[in-house]
Amino acid sequence: MDQLKVFDTTLRDGEQSPGASMTREEKLRIARQLERLRVDVIEAGFPAASNGDFAAVHAVAEAIKECTVAALCRTQDKDIARALEAIKPARSGRIHTFIATSPIHMEKKLRMAPADVIVAATNAVRFARNGIGEVEFSCEDAGRSEIDFLCRIVEAVIKEGASVINIPDTVGYNLPEQFAERILQLRTRIPNADKVTWSVHCHNDLGLAVANSLAAVLAGARQVECTINGLGERAGNAALEELVMAVRTRQDVFACDTRIDTTQILSASKLVSGITGFPVQPNKAIVGANAFAHESGIHQDGVLKHRETYEIMRAEDVGWNANKLVLGKHSGRTAFKARLNELGIAVDSEQILNSAFTRFKELADKKHDIYDEDLQALMSEEELTLDHEHYRLLSSRFHSETGETPHADITLAVGAVEHHASADGSGPVDAAFKAIESVANSAADLLLFSVNSITTGTDAQGEVTVRLSKDGRIVNGQGADTDIIVASAKAYLNALNKLESTQDRVNPQV
Ligand code: KIV
Ligand code: ZN
């Protein structure tokens, strides 16, 4: 049985979704979850794009031990050198270099002759191989490239030492049969094709990214590039959870399998959705809220009699129903710390542990049962607080009554100074944001406001994401609380703190 390698590019291609820009700490949190998920490769970013991206890739390379950490770069030496520097601390590192190979991209975008593109590609792979053992080469827009040209350039880069060849359908143009045929032709026509791992990277413009990737796997590809929740440019990339579960569920068809711990899928999905503010649609395969819900009586009856009548996968195998009751009001510090350890959340400092434990006790006073998801949200908040807290919510009072104008009174700490503010609004959230703005005067544009419940039940915490944009920077703020107006105010302040911070990266689109 072959191993199908999973190359996750949530932190690079996923981040290229407008508004999905992440900070270094957020990238680290996602990278740690990807490590628990047991992906083979984490593409951490594009170090030459900005100093922030360089720092994030470097931090991921330092922190991650069980996955290869890849950095993307164009074929220029300075791009490659920067990427090599960024992944230096990695236990296992990879350079991923790419150049466009389709006639339209070479002529209109690169303005280079095909022969010069081959020279640039071979020079790049040679340069990268001098710095590192593992080099992946991608033919951008391979899905629309001429097959003869692809054969020439790929044969040349393999001779220079590329060990992974990636065939992207960059614009999501291919159909499954056609794409599989392309992979088959390349594997059979290129004389040194057996020296490399064949990889595919499919975009979802026609909704075919997963289908095209799976067709390529049947044609011999042994690495799939994908993102959590299918995040990515335009319509996104192939969704990791769908690829992994299709291969796992249809072992009668696939001659390979991944090493993914599927029980970590849902946590990864929630984490990425929370950090980026991109909600998961309820009917999304595997990770959507309704993915395993049976509404119709006939289906319910069938499932109760014999689960396999309507279910091809077990919900618990991808992490559903895992929100076990873990702790409550009477749980002590040792139990709290032990559960965090079991969740893979390492708390190195006593100060963080004390502060997190205080928050936990406050939450347990409001909410009887504390689930793993609550602890994860609590620790995310703890990390956010450590990031940079220029603005802090001290107290709040909201008034909302039929026939009355909603009103908010807020007390904030701005640095060391306490401020009080009040405002009316069309609803309590609007009033809270207006009150905060009357102190912060950020003049940022609100791009997104979304609320999700972390667990089930009316006493669940609401997790709010607020996306703000100012002077070309886009940031996402998060807040969680059993009171969703308070969660909203916290999320707004967290976004303002990120706008204040110099540490954040500039959104890659700007
Ligand atoms: O879509 C694409 O072609 C890419 C490459 C850089 C791999 O993201
Ligand atoms: Zn891509």
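In listed order, ligands and their atoms are each counted from 1.
Ranking the protein heavy atoms by distance from atom 1 (O) of ligand 1 puts H203 NE2, 3.0 Å first. Protein heavy atom closest to atom 3 (O) of ligand 1, with residue, atom name and distance, is T170 OG1, 2.6 Å. In terms of protein heavy atoms, atom 4 (C) of ligand 1 is closest to H201 NE2, 3.5 Å. In terms of protein heavy-atom proximity, atom 5 (C) of ligand 1 is closest to R12 NH2, 4.0 Å.
An angle of 100° is found at the Zn ion (ligand 2) between H201 atom NE2 and H203 atom NE2, rounded to 10°.
Of all the heavy atoms in V217 and C256, the pair that sits closest is CG1-SG, 3.6 Å.
Remark: D445 does not engage K470 in a salt bridge, criterion side-chain N to carboxylate O under 4.0 Å. K27 and D53 are joined by a salt bridge, as a carboxylate oxygen and a charged side-chain nitrogen come within less than 4.0 angstrom of each other. Classification of E242 and K284 as a salt-bridged pair holds, one side-chain N sitting under 4.0 Å from a carboxylate O.
For the residue pair E225/N237, the side-chain donor-acceptor check at 3.5 Å is not satisfied. With no hydrogens or angles considered, no side-chain donor-acceptor pair links N476 and T465 at under 3.5 Å. A side-chain donor-acceptor contact under 3.5 Å links T101 and S145.
Within ligand 1, counting atoms from 1 as listed, the ones closer than 4.0 Å to a heavy atom of E140 are 3 (O). For ligand 1, the atoms lying closer than 4.0 Å to a non-hydrogen atom of S138 are 7 (C).
For the ligand labelled ligand 1, residue E233 lies outside the 4.0 Å heavy-atom shell.
Looking at D13 and the Zn ion (ligand 2) together, the shortest N, O or S contact belongs to OD2.
Between D13 and ligand 1, an N or O atom pair is found at a separation short of 3.5 Å.
Contacts between H96 and ligand 1, counted as non-hydrogen atom pairs separated by less than 4.0 Å, involve the side chain only.
In this structure F179 satisfies the ring pair (Phe, Tyr, Trp, His ring centres under 6.0 Å) test with no other residue, sequence neighbours excluded.
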